[in-house]
Number of protein chains: 2
Amino acid sequence: MRIGQLAQLVGVETQTIRFYEQQGLLPPPDRQDNGYRVYTEKYGEGLAFIRRCRILGLSLAEIHELQSYQDDPHQPCTAVNALLDDHISHVRSQITALQALEKQLVSLRASCNDDREVEACGVLAGISEGNMHQQ
Amino acid sequence: MRIGQLAQLVGVETQTIRFYEQQGLLPPPDRQDNGYRVYTEKYGEGLAFIRRCRILGLSLAEIHELQSYQDDPHQPCTAVNALLDDHISHVRSQITALQALEKQLVSLRASCNDDREVEACGVLAGISEGNMHQQ
DNA sequence: TAAAACTATAAAGCTACTATAAGGTCAATA
DNA sequence: TATTGACCTTATAGTAGCTTTATAGTTTTA
């Protein structure tokens, strides 16, 4: 299997596969005589694992960490769970921050309507005045 | 006022000020004979405006857009409000996406406990199996 | 006077790719 | 046979919004 087929199979771009290989997230595959990369089906599983982790919002560094755990399968999986817990709390704090931001934006937006001139725009005035600590 | 004082006043790094200037978000200030930038207090208002926009999650491009509206104060502020509406809906979709992600992460985390070996880790198994479409 | 603190510019680094350039390989077609 | 098209290769640059580093000149302080 060449890189294009693998890419189609997993649903990524060929450059992404080369990029992961370059970043050390995927092992260098065998090459044909002409230099083309050749992949086994099993290789696709590793790639799919990375993609699922990315969809879950894990960074490449975190994925690398998970892979290092997989290399040593008889240690307790405490660290894996801890990584996920950290990630969950990170996602939660993002949500909280965005919700606060939404409130602020909505209240800012409510301070204006479309019938004004820029000079009197409540939105711009709101940003300029800097009363942004009203939570 | 030199760049360090301005930076302290507004609460940014000096490099950030130079960066905004370079990006055209701030006008080039006067220079002393030695080449040092000199700022007025009023200049700080423009900088503070940018920072507040950034805190609201606006991109530098959006800030640039807002500035262009400010340059023409007698047009209706429809565009300003539209920009903010777009941004609000962007923030809302981010929140929705993150909430879905959180659910997925929590359910993944619930599939394991700390008493297992990596080999049997429910989290890693969950990612590897790829049953990630269960919403 | 010498060190510490400030300023300047330019360039690289960060994340996770994506896009572009310039070229080599292969199978099918005109 | 020549060439077109689809595929592959590497290397490099671009994205956002800074931050960091390098190198050097200037001012302030001890």
Side-chain angles (χ1 to χ4, degrees), chain A residues 1-26 28-39 43 46-67 83 86-87 90-91 94 97-98 101, chain B residues 1-26 28-39 43 46-67 83 86-87 90-91 94 97-98 101:
Chain A
M1 189 192 259
R2 294 191 315 199
I3 198 168
Q5 295 166 274
L6 178 63
Q8 202 169 13
L9 188 71
V10 181
V12 298
E13 306 256 338
T14 55
Q15 298 103 311
T16 305
I17 298 173
R18 292 193 199 99
F19 173 74
Y20 289 155
E21 179 189 334
Q22 187 201 324
Q23 299 296 305
L25 290 167
L26 288 172
D30 288 339
R31 301 278 185 142
Q32 288 177 352
D33 290 346
N34 57 16
Y36 288 14
R37 292 172 176 80
V38 197
Y39 299 97
Y43 196 100
L47 177 53
F49 179 85
I50 296 175
R51 289 313 300 176
R52 289 192 213 102
C53 287
R54 292 292 301 132
I55 288 168
L56 293 172
L58 298 176
S59 69
L60 298 191
E62 288 169 322
I63 296 170
H64 207 81
E65 204 180 323
L66 287 183
Q67 288 178 334
L83 192 155
D86 279 358
H87 189 58
H90 180 232
V91 168
Q94 274 186 205
L98 282 173
L101 177 59
Chain B
M1 190 194 264
R2 295 193 313 200
I3 197 169
Q5 294 166 276
L6 177 64
Q8 201 169 15
L9 188 70
V10 181
V12 297
E13 304 257 338
T14 55
Q15 299 100 311
T16 305
I17 299 173
R18 292 193 199 100
F19 173 74
Y20 288 155
E21 179 189 334
Q22 186 201 325
Q23 298 297 304
L25 291 167
L26 289 171
D30 288 340
R31 301 279 185 142
Q32 290 177 352
D33 290 346
N34 56 17
Y36 287 15
R37 292 172 176 80
V38 197
Y39 299 96
Y43 196 99
L47 177 52
F49 179 84
I50 296 175
R51 289 312 300 176
R52 288 192 213 101
C53 288
R54 292 292 301 133
I55 288 167
L56 291 173
L58 298 176
S59 68
L60 298 191
E62 288 170 322
I63 296 170
H64 207 81
E65 204 180 323
L66 287 183
Q67 289 178 334
L83 191 155
D86 280 357
H87 189 57
H90 180 231
V91 168
Q94 274 187 208
L98 283 172
L101 177 59

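Note that these values count all heavy atoms, side chains included, but never hydrogens, waters or copies made by symmetry.
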> Can you list the steps and then say if B:Glu62 with B:Asp86 is a side-chain contact (heavy atoms from CB on, under 4.5 Å)?
Replying inline: CA-CA 11 Å; B:Glu62 288 170 322; B:Asp86 280 357; 5.7 Å; no
> Within the distance-only criterion (no hydrogens, no angle test), does the side chain of A:His64 pair as donor or acceptor with the backbone N or O of A:Ser59 below 3.5 angstrom?
Replying inline: no
> What string of B, S and - do you get for nucleotides 10-18 of chain C, 5' to 3', if B is base contact, S is sugar-phosphate-only contact and - is no contact with any protein heavy atom under 4.0 Å?
Replying inline: ------BBS
A side-chain contact here means heavy atoms from C-beta on lying under 4.5 Å apart; do [X] and [Y] qualify?
X       : Y       : answer
B:Leu60 : B:Tyr20 : yes
A:Leu58 : A:Leu83 : yes
B:Leu66 : B:Phe49 : yes

> Could you give all pairs that pass the side chain to side chain donor-acceptor pair (under 3.5 Å) test and reach residues 28-37 of chain B, with sequence neighbours left out?
Replying inline: B:Glu21-B:Arg37, B:Gln32-B:Asn34
>> Distance check, rounded to the nearest 0.5 Å: A:Ile17 atom CD1 versus A:Ile3 atom CD1?
In response: 4.5 Å
> At their closest point, which heavy atom of B:Val38 faces which heavy atom of B:Pro29, and how far apart are they?
Replying inline: O-CB, 3.4 Å
> Rounded to whole angstrom units, what separation is found between the CD atom of B:Gln5 and the P atom of C:dA5?
Replying inline: 16 Å
>> Without decimals, in angstroms, what is the distance between A:Ile17 CD1 and C:dA19 C1'?
In response: 17 Å
> Does anything in residues 30-37 of chain B reach DNA chain C, meaning a heavy atom under 4.0 Å, and if so which residues?
Replying inline: B:Arg31, B:Gly35, B:Tyr36, B:Arg37
For residues 4-11 of chain B, which side-chain donor-acceptor pairs fall under 3.5 Å, sequence neighbours excluded?
| from | atom 1 | to | atom 2 | distance (Å) |
| --- | --- | --- | --- | --- |
| B:Gln5 | OE1 | B:Arg2 | N | 3.0 |

> Can you list the residues that meet the side chain to side chain donor-acceptor pair (under 3.5 Å) rule with B:Gln67, with sequence neighbours excluded?
Replying inline: none
>> Below 4.0 Å from chain A heavy atoms, what is the first contacting nucleotide of DNA chain D and what is the last?
In response: D:dC7 to D:dT10
> Hey, is the side chain of B:Arg2 poking within less than 4.0 Å of OP1 or OP2 on C:dC6, counting only N and O atoms?
Replying inline: no
